[in-house]
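Please read all numbers here as calculations on a predicted model, not as lab measurements. Sequence positions, counted from 1, serve as the residue numbers for this chain. First listed ligand is number 1; within each ligand, the first listed atom is number 1.
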Amino acid sequence: MNPIGIIGGTGLTRLAQLAGQDSELVPTPYGAPSAALVRGVVGGRQVAFLARHGSPHRIPPHRVNYRANLWALHAAGVRRIIAVAAVGGITEGMDDGRVIIPDQVIDYTYGRAHTFFEEDLEEVVHVDFTEPYTPALRRELIAAARELGLDAAETGTYAATQGPRLESAAEVDRLERDGCHIVGMTAMPEAALARELELEYASVAVVANRAAGRADGEITMARIEATLVAGMERVGRLLERVLPQ
Ligand code: HPA
């Protein structure tokens, strides 16, 4: 059976549940992925885990080699990916530690290598991206979150910003006017590249902080990391629940 791919974000650089693991640095035509793929078993299910920001965590969002990461997972036989991401909460209810299974994305990033379809083409390719997250995989995540009573937000629009700095309050106001509920720095081009490789792709986002202008006081990495400890524990339970199916 094909392994399920898990891309871990800030707060999830390794999967504690992975049994019998081995790791392999998969070379790609796009260079090296962020880290070695760690393969193992969770709940009887083959898993290939990749730390998006490297292990240890030191590749900032705009420097992640998204093409190499997606290519490496595909080359390892992965056909379904669950992408874990830390985000800022914009709208009401998107509070610290809340889990969201986003259904839409708006891309505010720039200058990132964002497509496989640009060199040596026989024809121009435009993939459909109406539903950026694979509905069937989202449904599985939603069902598992309900079974666990996680009170996850079952829809949400993810604003993908360039980073690595956090946003200004006015930028977050604009994201809200655009219809975004959460803000992070990594969903794009990751989701689009997965679509170009015809991989199923869905995301579990965790609110690490209230976004700029909605938080009291400064947003610090120390606060983000402290919030993520509890949030990622929930994500771990969700992954354990969804994987054995
Ligand atoms: N903005 C963008 N990305 C983030 C944030 C934020 O407030 N928190 C965690 N990732």
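Not counting sequence neighbours, the partners of Phe116 by the ring-ring contact (aromatic ring centres under 6.0 Å, His included) test are Tyr30, Trp71. In this view, His57 and Thr10 satisfy the side-chain hydrogen bond (donor to acceptor under 3.5 Å, both in side chains) rule, not counting sequence neighbours.
The salt bridge (Lys or Arg N to Asp or Glu O under 4.0 Å) contacts involving residues 126-139 comprise nothing, where partners must be two or more places apart or lie in separate chains.
Of the candidates Arg241, Arg146, Arg80, Arg80 is the only one forming a salt bridge (Lys or Arg N to Asp or Glu O under 4.0 Å) with Glu140.
With hydrogens and angles ignored, the 3.5 Å screen pairs a side-chain donor or acceptor of Gln162 with a backbone N or O of Tyr110.
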Exercise answer, ligand 1 polar atom pairs (N/O) under 3.5 angstrom:
unit_1   : atom_1 : unit_2 : atom_2 : d
ligand 1 : 1 (N)  : Glu167 : OE1    : 2.7
ligand 1 : 1 (N)  : Glu167 : OE2    : 3.4
ligand 1 : 7 (O)  : Asn209 : ND2    : 3.0
ligand 1 : 8 (N)  : Gly88  : N      : 3.4
ligand 1 : 8 (N)  : Asn209 : OD1    : 2.6
ligand 1 : 10 (N) : Ala86  : O      : 3.4

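Using a 4.5 Å cut-off between side-chain heavy atoms of Ile, Leu, Val, Met, Phe, Trp and Tyr, with links allowed through other members, Leu50 and Val47 fall into different hydrophobic clusters.
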